[in-house]
Amino acid sequence: MSRADQRDESDCVCSVGMKLTWDINDPKLPQDLKQFDPFQEWTDGYVRYIYSADDKNAQRHLSGWAMRNTNNHNCQILKKSCLGVVVCSRGCTLTDGSRLQLRPAICDKARQKQQKKLCPNCNAALELLPCRGHSGYPVTNFWRVDGKAIFFQAKGVHDHPRPESKSETEARRSSVKRRVSSPPFTPKRRLIETQ
DNA sequence: AACTGCGGGTCCA
DNA sequence: TGGACCCGCAGTT
């Protein structure tokens with residue numbers, strides 16, 4: 001195993017991370033790097049990148065996918081696994097012709113609340129499509145800081161649509177808040193957001 | 001309130 | 001032994 005990385009070495013438009021041979025679990029990672037990868041928000045597949053330790057997005061271990069922290073009992077390597085995407089159970093079509101693809105809440109409790117809400121478009125139930133892209137289990141992302149570099153490795157191919165990016169979700173949340181503007185008691189009409 | 005990372009702990013192959 | 005996952009804690013946004 002672990003030779004899955006050799007796939008497309010041919011079209012070497014590849015990243016810095018893929019030009020080198022390394023694994024996130026290696027005792028020694030490549031040193032004295034002269035070049036880094038630009039941050040990749042939507043990684044997919046069995047890929048590796050090497051970011052600069054100065055890259056803000058890499059520092060925050062960001063991803064477009066909704067990734068939650070996973071305890072791997074290794075304080076050197078941060079591991080995250082994908083939560084999938086929240087869709088309308090009826091698969092309704094939005095006015096722009098697209099489908100609802102909400103970002104699953106990262107916090108367990110918040111996600112349970114989220115799943116009880118209804119589709120903001122057609123009021124059908126929401127459905128969480130779990131990620132099964134890594135041999136039946138969620139896609140995993142690994143982050144490891146070493147020297148002036150942040151090493152990133154992903155395992156698995158997402159088998160579901162993309163959720164809203166984090167920034168999109170935050171933008172929507174704050175716009176809803178602005179519209180409703182802190183309701184003290186609102187017994188009715190709290191199905192969309194906020195609580 | 002929700003996000004993020006940590007780490008103790010369980011279950012299972 | 002390692003991976004998936006649950007849970008609570010704590011600091012941050």
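Everything numeric in this text was worked out from a predicted model, so none of it was measured. Here is the naming used below: chain letters follow the sequence lines, and residue numbers restart at 1 for every chain.
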Classify the side-chain pair [X]/[Y] by whether it contains a donor and acceptor separated by less than 3.5 Å.
| X | Y | result |
| --- | --- | --- |
| A:Asn74 | A:Asn72 | no |
| A:Gln153 | A:Asp23 | yes |
| A:Ser81 | A:Thr140 | no |
| A:Gln40 | A:Asn57 | no |

Within this structure, what is the [atom1]-to-[atom2] distance between [X] and [N], rounded to whole angstrom?
| X | N | atom1 | atom2 | value |
| --- | --- | --- | --- | --- |
| A:Ile106 | C:dC5 | CD1 | P | 14 Å |
| A:Gln112 | C:dC6 | CD | C1' | 11 Å |
| A:Lys155 | C:dG2 | NZ | P | 12 Å |
| A:Gln114 | B:dC3 | CD | C1' | 13 Å |
| A:Lys109 | B:dA1 | NZ | P | 8 Å |
| A:Asp108 | B:dC3 | CG | P | 10 Å |

| task | Determine, for A:Lys148 against A:Asp32, whether the closest basic-nitrogen to carboxylate-oxygen distance falls under 4.0 angstrom. | result |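 Salt bridge flag = no for A:Asp32 with A:Lys148.
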
Polar-atom pairs under 3.5 Å, protein N or O versus N or O of nucleotides 10-13 of chain C: list them with distances, or write none.
none

| request: Could you tell me whether the side chain of A:Tyr51 reaches within less than 4.5 Å of the side chain of A:Val16, counting heavy atoms only? | output: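 SC-SC contact between A:Val16 and A:Tyr51 ruled out.
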
| side-chain N/O A:Lys113 vs B:dA2 OP1/OP2, d < 4.0 Å |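 For B:dA2, OP1/OP2 do have a side-chain N/O of A:Lys113 under 4.0 Å.
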
| request: Check whether any side-chain nitrogen or oxygen of A:Lys79 sits under 4.0 Å from OP1 or OP2 of C:dC5, and answer yes or no. | output: no

| Geometric cation-pi criterion A:Lys155 and A:Phe142, 6.0 Å radius, 45° cone |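 Yes, a cation-pi geometry holds between A:Lys155 and A:Phe142.
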
| query | What one-letter contact string describes nucleotides 5-13 of chain B from 5' to 3', where B marks a base within less than 4.0 Å of any protein heavy atom, S marks contact via sugar-phosphate atoms alone, and - marks no contact? | reply | BBBBB----

| request: Hey, could you give me each pair passing salt bridge (Lys or Arg N to Asp or Glu O under 4.0 Å) that has a residue in residues 119-136 of chain A? Not counting sequence neighbours. | output: none

